[in-house]
Colleague: 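Here it is, the structure in full.
These numbers come from the heavy atoms of this one structure, side chains and all, not from hydrogens, waters or symmetry mates. By convention in this document, chain letters (A, B, ...) are assigned in the order of the sequence lines, proteins followed by strands, and residues within each chain are numbered from 1.
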Amino acid sequence: MERYEHKKVEDKWRKKWIEANVYKTTEDSDKEKFYILDMFPYPSGAGLHVGHPKGYIATDIISRYKKMNNFNVLHPMGWDAFGLPAEQHALKNKVHPRIGTDENIKTFKKQLEKISLNYDWEREISTTDPEFYKWTQWAFIQMYKKGLVYQSNEPINWCPSCKTGLANEDLENGACERCDTPIEKKKIPQWVIKITDYADRLLEDLDKLNWQEHIKELQRNWIGRSEGANISFKVKSEKLKDEEIEVFTTRPDTLYGATYMVLAPEHELINNEKLKIKNWSEVVAYQKEASKKTEIERTAEGREKTGVRLEGVMAVNPVNDEEIPIFIADYVLADYGTGAIMAVPAHDERDFEFAQKYNIEIKPVVLKKDEKARSVLMGIKNISEDDLSKIGVEIVEKKDDRYHVFIPFNKIEEYKELIRKKMENHFWNEFYTGKKFYFIFKHKDGKIEEFELNSDTNDQIDAYGMTFNDEQVKEKPENVYGWLAKNDFYKELLLSTDRGVMINSQEFDGMDSEEAKEKITKKAGGKMTTSYKLRDWVFSRQRYWGEPIPLIHCDKCGVVTVPEDELPLELPEVESYEPTGTGESPLAAIDEWVNTTCPECGGSAKRETNTMPQWAGSSWYYLRYIDPKNDKALVDKDKEKYWSPVDFYVGGAEHATRHLIYARFWHKFLYDIGVVNYDEPFSKLQTVGLIMAEDGRKMSKRWGNVINPDDVIERFGSDTFRLYEMFMGPFDASIAWSTEGLVGPRKFLEKIWKSYQSGYVGTETSENLKKTLHKTIKKVGEDIEEMKYNTAISAMMVLANQLENEKNMSKEDFGKLLKILSPFAPHMTQELWSQMGNDTFLVEETWPEYDEKYLSDDEITLVVQVNGKVRDKITVSADITEDEAKEKALESEKVQKYIGDKEIKKIIFVPGKLISIVV
RNA sequence: GCCUCGGUGGCGGAAUUGGUAGACGCGUUGGACUCAAAAUCCAAUGUUCGCAAGAACGUGAGAGUUCAAGUCUCUCCCGAGGCACCA
């Protein structure tokens, strides 16, 4: 009997497939297309580890499956090869980054070929290839022409270790995503792309994508849309009359509670000399301090808020003309909203903290809706607990001289009556009715006065409150809500961030706060607007190994784009790739490249020396596979129409808010200028789970726990490797590698090999085995479509086990088995297929159909439950009627034992499943 | 703090969407073959009690709905990922 030697089998077929060019994608086909794509890798020096191919194997399986189902499949691969590691390597070894990059690509490709992934290598691309990045530059120029690119001098995120500016997406907790170095703010001129112009579309179009909900949610959060209002406050100082500051707020309903205003330290108005800020030096000192801080220092958890008041300047609240102080504080961010806020300490935790520190008034304007009325009850000498419980009042806290109580809404009148009768003289009681506060004053002589708290009664209540406490009446009355909020029992109602009922807000009192939002905004002369967390895309990098930005600076004409017929603008050779760290790229040192002529006026001009971020090429690479050699256009329109969009995109979840946002943006732009026919690039997205090391940690050179696929393939074979990675568990789960675990899939392959070599094939297939076979055909097809490979493989294992037991199968049926296994284990199945006398390639064969008649069983096992517990299992024919089933179930001795002489109350029959008897 | 997933044997994981919990694989134990070992094959393998037949318990914890809950509802605990001074 011939032994299964994986090496021999796999080498043989790998060679034959390449010779026969079976993976080539044919154009102009009448077949339905299917574009399946992997996120292309960065070819690192370390080569592949076993985690990389997991996604590639999955797409390979789908690709083969779709081909066998008569689809025209596009399944390409390429290289995302610009980036820092190649440059770092070049610096260290004094070779051009291109050399290292090319070597790495070669290694990666060799490794991938060993797995026999059916990529059409004729469509291979690399982002570093000038013929490719020509079109990255071209798209950038189109964006520039459409006004989507602007130069910014705002301070940007700067990584002092990578010596380059970074986009918001490149940060992780305030540090560089690559090297973990804390980010500094640095002022250097930057090219920025207005991705925020697309924020709404990026958000809304998520709804039409067939992506995992969890990834869409990440994008929604990243875009971070919030509805709110822009409202202007007049600014007053000695000299200044007409200046205004606009704030952004999501809570315009709380405008009456705005007791101060805060500007970001970088806010431009501060530098307006007319403000006549009296403590100018203090303000400047604070600005300086703030600019020095790293992102991490600024946002460190638990950090106390700081700020400086602008002395001699006040803002005027547009709805009640109240003058409020203005502060600068770094808890307000310059680049979100308008860089200025109205601070409402009563309904915002940060403002509350700041107000407490700087002793600013806290004025509640929204009363939280509560389930119960509540009160702090004093003067209780004559009030017994019994008195209270009789009318349903619940004591939540008891102190010597007071109760904190909840009052049912329908007992409020009884409660009032009790207070009037039994509260001691010279006390008052206030309680919250669910909508407002109500006061009952009992004077020394027993006279009773009652008030609802509102702006008319506020002063009177405040005055009574004072005299009852034997204090002097104040000259200026206080806000009663303010002193009520000092009591913790009321604080949670008055100082909450929830929606509720308006109070303390003149004509809006009593209104629902949601409803008040728009009305108060209107009264304030503001307008409803939307703000986003998403920032514009900082697009300049001060490094060498990236696409040169195709712009020219001319003294006369300003910034001019490089003429399109001069593209690609190639990276020049340079002596030193070393980043300068000054904010200039290494390209700035090459005079003969930098100095050029202006394409508009012909005068002398200088080239832009920054390069593009690594995300540029990957934002559109998937389009180039459709038409990789086209030198007239980014992609041919007809070809694009046929192949786009990508039907299935597979890659790591870590790209959810980076690559996948940039690519969607880039694609929408290309759609807007008519280059592509669809406004979303990837209709279905599936994320791959990580493969962890055997020790449960991430695979990393640092831990020395990396598993190289070459070693695995050498020992177990590529087919086993492929099967194992798919069998490990759910595709998107991250699971630890187990070398022991490889034995299972290997044994499974050997079982099938042996079944053939032992002569089990060629005779009859039993009825039973036929049933399993057809059920398996159905299941494997369905599971592939849903990427449930682990269960597909286990179903085939069941089939193989049964074949081994029965030792008989027809040639035709065994062929079907080989076909459904072939996407998973292409080499061994192909060898057996050929040994059976076939001279075709399995990948070019047709996927077998299952026969409905084998899917249902004639006899089934019916579970019999008594009171919900399984007591017996009876074998019956599949089409048994309810009455027959009941009769049979009751005949069972075991069942009778549990029924005994008890009365049968109910019998439930679930066809094909169970019968449940309730006694 | 907020958002999104998860929690099932010694381990990776199944479970037709409310209907036999633990498929399939690994590991472990026993047996066959062998001078022996490896490989292979057969059998057992959730826990507890029991010689056995069998019984009870069992899907993070607690309650609830139901004839029936891993699956639905509520409360809580733990873990992973993401966001985080975003007004």
Colleague: Heavy atoms only, 4.0 Å cut-off, all strands: where does A/Gln219 land among base, sugar-phosphate and nothing?
Modeller: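 The residue A/Gln219 makes no contact with any strand.
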
Colleague: Tell whether A/Lys905 reaches the base of B/rC67 with its side chain through a donor-acceptor pair below 3.5 angstrom.
Modeller: no

Colleague: Who passes salt bridge (Lys or Arg N to Asp or Glu O under 4.0 Å) against A/Asp180, sequence neighbours left out?
Modeller: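 Testing A/Asp180 for salt bridge (Lys or Arg N to Asp or Glu O under 4.0 Å), a comparison that skips the adjacent residues, returns none.
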
Colleague: Taking atom P of B/rC24 as reference, at what distance in whole Å does atom CD of A/Gln802 sit?
Modeller: 11 Å

Colleague: Could you list all the side-chain hydrogen bond (donor to acceptor under 3.5 Å, both in side chains) pairs where at least one residue sits in residues 904-915 of chain A, not counting sequence neighbours?
Modeller: none

Colleague: Starting at the 5' end of RNA chain B, write a dot or bracket for each base, bracketing those in Watson-Crick or G-U wobble pairs whose two distances are under 3.5 Å and using | for partners on another strand.
Modeller: (((((((..(((......[....)))((((((.......))))))((((....))))..(((((..]....))))))))))))....

Colleague: Counting only side-chain N and O atoms of A/Asn801, is one of them less than 4.0 Å from OP1 or OP2 of B/rC24?
Modeller: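 No, A/Asn801 has no side-chain N/O under 4.0 Å of OP1/OP2 on B/rC24.
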
Colleague: Taking OH from A/Tyr336 and P from B/rA84, how many angstroms apart are they, rounded to a whole number?
Modeller: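 Those two atoms, OH and P, are 12 Å apart.
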
Colleague: B/rG50: syn or anti, with syn meaning chi within 90° of zero?
Modeller: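 That one's anti.
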
Colleague: Assign A/Val863 to base, sugar-phosphate, or nothing according to its heavy-atom contacts below 4.0 angstrom with the strands shown.
Modeller: base

Colleague: What are the two closest non-hydrogen atoms of A/Pro318 and A/Ile231, and how far apart are they?
Modeller: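 Heavy-atom minimum between the residues: CG-CG2, 3.8 Å.
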
Colleague: Can you check the A/Phe731 CZ to B/rC5 C1' distance for me, whole Å?
Modeller: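 That distance rounds to 18 Å.
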
Colleague: Give me the distances for all protein-to-nucleotides 81-83 of chain B N/O pairs that come in under 3.5 Å?
Modeller:
| unit_1 | atom_1 | unit_2 | atom_2 | d |
| --- | --- | --- | --- | --- |
| B/rC83 | O2' | A/Lys533 | NZ | 2.8 |

Colleague: Starting the side chain at C-beta, find the nucleotide from B/rU16, B/rA23, B/rA87 nearest to A/Ser794.
Modeller: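 In terms of side-chain proximity for A/Ser794, the closest of B/rU16, B/rA23, B/rA87 is B/rA23.
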
Colleague: Of the residues in residues 773-781 of chain A, which ones touch RNA chain B at a heavy-atom distance under 4.0 Å?
Modeller: none

Colleague: For B/rU20 and A/Lys873 - does any side-chain N or O of the residue sit under 4.0 Å from the phosphate oxygens OP1/OP2?
Modeller: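 For B/rU20, OP1/OP2 do not have a side-chain N/O of A/Lys873 under 4.0 Å.
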
Colleague: Please state whether the rings of A/Trp615 and A/Tyr662 are parallel, tilted or perpendicular, taking 30° and 60° as the class boundaries.
Modeller: tilted

Colleague: Just wondering, more than 12 heavy atoms not from A/Lys807 lying within 6.0 Å of its NZ?
Modeller: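 Counting neighbours around NZ of A/Lys807, more than 12 heavy atoms of other residues, nucleotides or ligands fall under 6.0 Å, so yes.
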
Colleague: Consider only side-chain N and O atoms of A/Thr338 and A/Glu246, and report whether a donor and an acceptor are under 3.5 Å apart.
Modeller: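 There is no such pair between these side chains.
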
Colleague: Send over the distance from A/Ile874 CD1 to B/rU20 C1', rounded to a whole Å.
Modeller: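 Atom CD1 in A/Ile874 sits about 13 Å away from atom C1' in B/rU20.
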
Colleague: The criterion is side chain to side chain contact (heavy atoms under 4.5 Å, CB included); which residues satisfy it with A/Glu154, sequence neighbours excluded?
Modeller: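 Counting only residues at least two positions away or on another chain, A/Glu154 forms a side chain to side chain contact (heavy atoms under 4.5 Å, CB included) with A/Ser152.
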
Colleague: For A/Ser531, report the nucleic acid contact type (base, sugar-phosphate, nothing); a contact means any heavy atom under 4.0 Å.
Modeller: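 No contact at all - A/Ser531 keeps every heavy atom at 4.0 Å or more from the nucleic acid.
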
Colleague: Tell me every residue that passes ring pair (Phe, Tyr, Trp, His ring centres under 6.0 Å) with A/Tyr260, counting only those two or more places apart in sequence or in another chain.
Modeller: A/Phe327, A/Phe354

Colleague: Return the set of residues passing side-chain hydrogen bond (donor to acceptor under 3.5 Å, both in side chains) with A/Thr791 (not counting sequence neighbours), or none when no residue passes.
Modeller: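 So A/Thr791 forms a side-chain hydrogen bond (donor to acceptor under 3.5 Å, both in side chains) with A/Asp783.
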
Colleague: Show the nearest heavy-atom pair for residues A/Leu769 and A/Leu803, with the distance to one decimal.
Modeller: CD1-N, 4.0 Å

Colleague: In whole Å, I'd like the distance from the CD1 atom of A/Ile908 to the C1' atom of B/rG18.
Modeller: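 Distance check: A/Ile908 CD1 to B/rG18 C1' gives 12 Å.
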
Colleague: In whole Å, what is the span from the CD1 atom of A/Ile907 to the C1' atom of B/rG19?
Modeller: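 About 16 Å, once rounded to whole Å.
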
Colleague: Go through A/Glu806 and A/Lys771 one step at a time and tell me if the salt bridge (charged side-chain N to carboxylate O under 4.0 Å, His left out) criterion holds.
Modeller: CA-CA 13 Å; A/Glu806 297 199 7; A/Lys771 277 183 179 164; over 6 Å; no

Colleague: Looking at A/Glu882 and A/Lys886, does any basic side-chain N land under 4.0 Å from a carboxylate oxygen?
Modeller: yes

Colleague: For RNA chain B, which residues in residues 732-751 of chain A have a heavy atom at a distance below 4.0 Å?
Modeller: A/Ile735, A/Glu740, A/Gly744, A/Lys747

Colleague: Using the closest heavy atom to pick a nucleotide of RNA chain B for each, name whichever of A/Asn867 or A/Val910 lands nearer the 5' end.
Modeller: A/Val910

Colleague: Establish, yes or no, whether the cationic atom of A/Lys754 lies under 6.0 Å from the six-membered ring centre of A/Tyr760 and within 45° of the ring axis.
Modeller: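 No, A/Lys754 does not sit over the ring of A/Tyr760.
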
Colleague: Is it true that A/Lys888 and A/Glu884 make a salt bridge, defined as a side-chain N closer than 4.0 Å to a carboxylate O?
Modeller: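 No, this pair does not count.
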
Colleague: Could you work out, with salt bridge (Lys or Arg N to Asp or Glu O under 4.0 Å) as the rule, every residue matching A/Asp207, not counting sequence neighbours?
Modeller: A/Arg220

Colleague: Would you call A/Glu5 and A/Arg3 a salt bridge, taking side-chain N to carboxylate O under 4.0 Å as the test?
Modeller: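 No salt bridge links A/Glu5 with A/Arg3.
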
Colleague: Tell me every residue that passes side-chain hydrogen bond (donor to acceptor under 3.5 Å, both in side chains) with A/Glu518, counting only those two or more places apart in sequence or in another chain.
Modeller: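 So A/Glu518 forms no side-chain hydrogen bond (donor to acceptor under 3.5 Å, both in side chains) with any residue.
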
Colleague: Between the protein and nucleotides 54-59 of chain B, are there any N/O to N/O pairs under 3.5 Å, and if so, what are the atom names and distances?
Modeller:
| unit_1 | atom_1 | unit_2 | atom_2 | d |
| --- | --- | --- | --- | --- |
| B/rA55 | OP1 | A/Tyr898 | OH | 2.6 |
| B/rC57 | OP2 | A/Lys869 | NZ | 2.9 |

Colleague: In whole angstrom, what separates A/Tyr724's OH from B/rG25's P?
Modeller: 15 Å

